[in-house]
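Written out below as structure tokens is the structure these notes cover.
We number each residue from 1, following the sequence as shown.
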Amino acid sequence: MKEYSTKDIRNVVLIGGTKSGKTTLSEAMLFEGKVIARRGTVEDKNTVSDNEEIEKMNQRSIYATPLYAEFMDTKFNIIDTPGADDFVGGAVSAFKVCENGILVINAQQGVEVGTEIFARYADQYNVPLIIAVNQLDSEKADWDVTMHSLKETFGNKIIDVQFPVNPGTGFDGFVDVLKMKYYHFTDDNGTREDLDIPAELQAQADDLRQQLIEKAAEFDDTLMEKFFDAGSLTEDEIRKGMGIGIRNRELMPVFCVSAKKDIGVKRLMEFTIRTSASPAETKSKTKDGKEIACKQDAPTSLFIYKTDVEQHLGEVSYFKVMSGELTEGQDLENAETGDKERISTIYAVAGAKKEKVSSLNAGDIGCTVKLRSGKTNVTLSQPGSGLVYENIVFPASRYRCAIKAQVQADETKLADALAKISAQDPTVVVEYSKELKQTILSGQGEQHINVVKWRLENEFGVKVELFAPKIPYRETITKTANATYRHKKQSGGAGQFGEVAMLITPIIEGVPFSNKFKIDGKDVTLNVKTQESFNLEWGGKLEFYNCVVGGAIDARFMPAILKGINDKMQEGPLTGSYARDIRVFVYDGKMHPVDSNEISFVLAARNAFKEAFRNAGPKIMEPIYNVEILTPAEYMGACMSDLQNKRAIIEGMSSDKGFSTLKARVPLAELYRYSTTLSSLTSGSATFSMTFADYQQVPGDVQTKLLAEYAAQEKEEE
């Protein structure tokens with residue numbers, strides 16, 4: 001492979017919904033770029049992109065795969081991403097390192113929820129999009145309906161560059177109104193004839209070209225002046241105006257494609273190279289807010305956007321050269337840790353095919369092997385440059401389950417395997433919950449988690465069980481109560497003695513502090529000697545007030561009393577869950593000159609707190625999540641009805657461009673396997689996001705049920 005300068009590189013992410021044909025399109029691009037001599041198919045399980053065993057089994061992309069083609073003296077880097085929302089992490093990683101995107105649309109379906117999702121991510125990462133309407137050779141292909149849905153979704157950003165001739169099973173060509181040519185294809189391998197536009201299509205072509213000229217002129221004042229003077233623009237001028245509009249994300253040109261028959265693929269690549277941004281036109285942000293231009297004559301830096309483990313290579317780190325020139329044998333450093341790394345080998349990547357190269361210039365994408373700290377989101381840079389690029393921010397998890405090894409002896413092996421999988425796919429989140437005493441596995445959906453399970457069992461040899469996780473409930477109080485507890489123990493020699501009287505009251509936002517209470521029927525004002533306030537690591541607060549007068553309890557025992565309270569707050573009296581938002585006043589007690597010690601007051605405080613808690617209107621609180629659903633409008637009623645059955649509070653509804661958005665607050669206890677439920681309700685056409693909102697008290701019937709379950713569990717453990 002020859003060496004490519006930054007200006008001769010194009011980095012393109014292929015995005016789109018499931019079954020839009022991205023992998024087939026990437027295969028045709030590799031064929032046109034002479035990387036492969038024969039195109040594979042998803043059905044035959046021999047594509048360059050879907051090269052993992054699980055992808056072949058499922059006949060779908062699960063991982064984002066880097067590829068390249070050499071075309072028109074340009075290195076055309078491609079990242080083929082999965083279409084399922086469950087595997088969105090791959091697309092998010094690709095947006096970090098690609099300046100351009102091709103949004104692939106299934107001509108049989110038009111704009112789908114998946115289209116909307118990935119277009120939103122492109123917007124979030126400022127990646128301009130070119131649209132390829134694929135599968136125009138399918139029996140149910142409908143160009144007019146597809147174009148209507150595109151214009152309804154993306155508005156006046158959409159502009160026709162081409163229109164198909166004979167869409168459907170007879171699809172064999174298209175009219176290109178930028179070139180003003182009719183491209184007719186004579187076989188299924190991209191062989192085309194460049195012909196004059198047929199007379200019966202000339203009027204349509206003239207009309208669309210005029211629209212194209214007017215649109216291109218909008219983005220450049222000089223072009224606008226020429227258009228007003230001459231009434232037209234040349235092909236190069238149109239391309240120049242379109243390039244500006246595309247880069248500004250104000251224009252989305254539409255192309256006709258049958259990836260399966262290699263129709264329109266070469267023309268799509270030509271246009272992308274001529275009008276889309278090269279890395280040389282871009283800057284990347286560092287963590288300290290600087291913007292670094294992607295230039296060859298600059299200190300070398302690279303950003304690792306993906307890691308993997310491959311059978312014959314070991315750990316592979318995929319990167320983009322962000323600046324400078326990366327050469328074989330070069331020494332770089334991780335500026336955040338000070339670790340030094342030598343880049344022993346550099347590869348250009350086309351799926352499983354790795355071609356060894358001696359160097360890569362700024363803007364290029366490649367991989368290397370066996371780095372000590374070559375993990376996702378790591379920057380390696382020239383020593384002393386101090387460059388550290390902003391991390392990829394992955395979407396929050398939407399599916400959680402508990403996981404354990406079927407054989408207890410495999411637990412360590414399981415932990416190691418999960419750590420490796422999470423390093424390769426940061427959207428797989430693994431944590432051991434000390435509170436729940438479970439390992440919690442979180443991901444983007446049930447399909448995502450099932451892939452993790454398959455990998456554990458087939459790649460790592462660990463049989464596992466997945467099951468519903470416990471809910472991290474919280475306990476609190478709703479009214480004021482007091483209690484006194486005396487701990488006394490005598491068994492020869494020094495004994496134990498401590499007595500604590502305390503009052504507890506809820507901390508309620510907006511309710512002012514008060515030290516006036518009724519204790520044993522008398523109005524009492526507690527004089528605060530010292531106070532401490534703690535933000536609890538599990539949420540909420542604890543406020544501790546020493547109101548003891550007359551030396552009833554020596555100040556040296558206050559830390560022991562606080563420890564006893566903290567102990568009980570970590571194992572609430574109702575269900576063993578963490579307690580929160582409680583104000584504690586220690587106002588009286590007794591001690592013994594010989595027998596009082598710290599453990600005596602720890603135990604006295606623990607039991608006094610437990611007794612007061614039970615008399616203070618205790619309530620169980622549950623985590624509530626904000627849920628936002630994006631669904632085709634026809635499924636809105638079904639989604640709403642299902643949410644209402646899950647104790648949800650509907651907070652908002654809106655409709656736009658054929659899609660509905662539903663916002664609700666839903667208890668976490670009702671969201672187990674919700675991604676599967678939603679998919680079933682909407683035939684797989686809806687998606688959702690969920691973020692933690694707050695804790696709210698559970699309804700009375702739910703609390704009764706939880707108390708009964710906890711009592712039964714305690715009885716079992718006796």
Flag the pair [X] and [Y] as a salt bridge only when some basic side-chain nitrogen lies within less than 4.0 angstrom of an acidic carboxylate oxygen.
X      : Y      : value
Glu270 : Arg267 : yes
Lys285 : Glu291 : no
Asp339 : Arg372 : no
Lys320 : Glu99  : yes
Glu446 : Lys453 : no

Tell me whether [X] contacts the main-chain N or O of [Y] through its side chain, where contact means a donor paired with an acceptor under 3.5 Å.
X      : Y      : value
Asp80  : Ser49  : no
Thr24  : Ala259 : no
Ser317 : Gly374 : yes
Ser422 : Ala419 : no
Lys404 : Gln438 : no
Arg10  : Ile273 : yes
Thr47  : Asp50  : yes
Lys306 : Ala64  : yes

key: Worked verdict on Tyr63 versus Gln424 for side chain to side chain donor-acceptor pair (under 3.5 Å)   = CA-CA 10 Å; Tyr63 307 107; Gln424 293 166 34; over 6 Å; no
query = Does a donor on one side chain and an acceptor on the other come within less than 3.5 Å for Ser61 and Thr23?
reply = yes
Derivation of the side chain to side chain donor-acceptor pair (under 3.5 Å) call for Glu341 and Asn334 = CA-CA 8 Å; Glu341 293 279 8; Asn334 180 336; over 6 Å; no
query = Got a sec, which residues hit side-chain contact (heavy atoms from CB on, under 4.5 Å) with Ser93, two or more places apart in sequence or on another chain?
reply = Tyr305, Ile392, Phe394
inquiry  = Could you work out, with side-chain contact (heavy atoms from CB on, under 4.5 Å) as the rule, every residue matching Thr691, not counting sequence neighbours?
reply    =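 In terms of side-chain contact (heavy atoms from CB on, under 4.5 Å), with neighbours along the sequence ignored, Thr691 is linked to Asn626.
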task = Taking atom NZ of Lys470 as the centre, report whether more than 12 heavy atoms of other residues, nucleotides or ligands fall under 6.0 Å from it.
result = yes
query = Going from CD1 on Ile343 to OG on Ser359, what distance comes out if it is rounded to the nearest 0.5 angstrom?
reply = 13.0 Å
message = Under 6.0 Å from the ring centre and within 45 degrees of the ring axis: does the NZ or CZ of Lys420 meet both conditions for the six-membered ring of Phe460?
response =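 No, Lys420 does not sit over the ring of Phe460.
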Where at least one partner belongs to residues 66-98, residue pairs that pass ring-ring contact (aromatic ring centres under 6.0 Å, His included), sequence neighbours excluded =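 Of all non-adjacent pairs touching residues 66-98, those that pass ring-ring contact (aromatic ring centres under 6.0 Å, His included) are Phe87-His448, Phe95-Tyr125.
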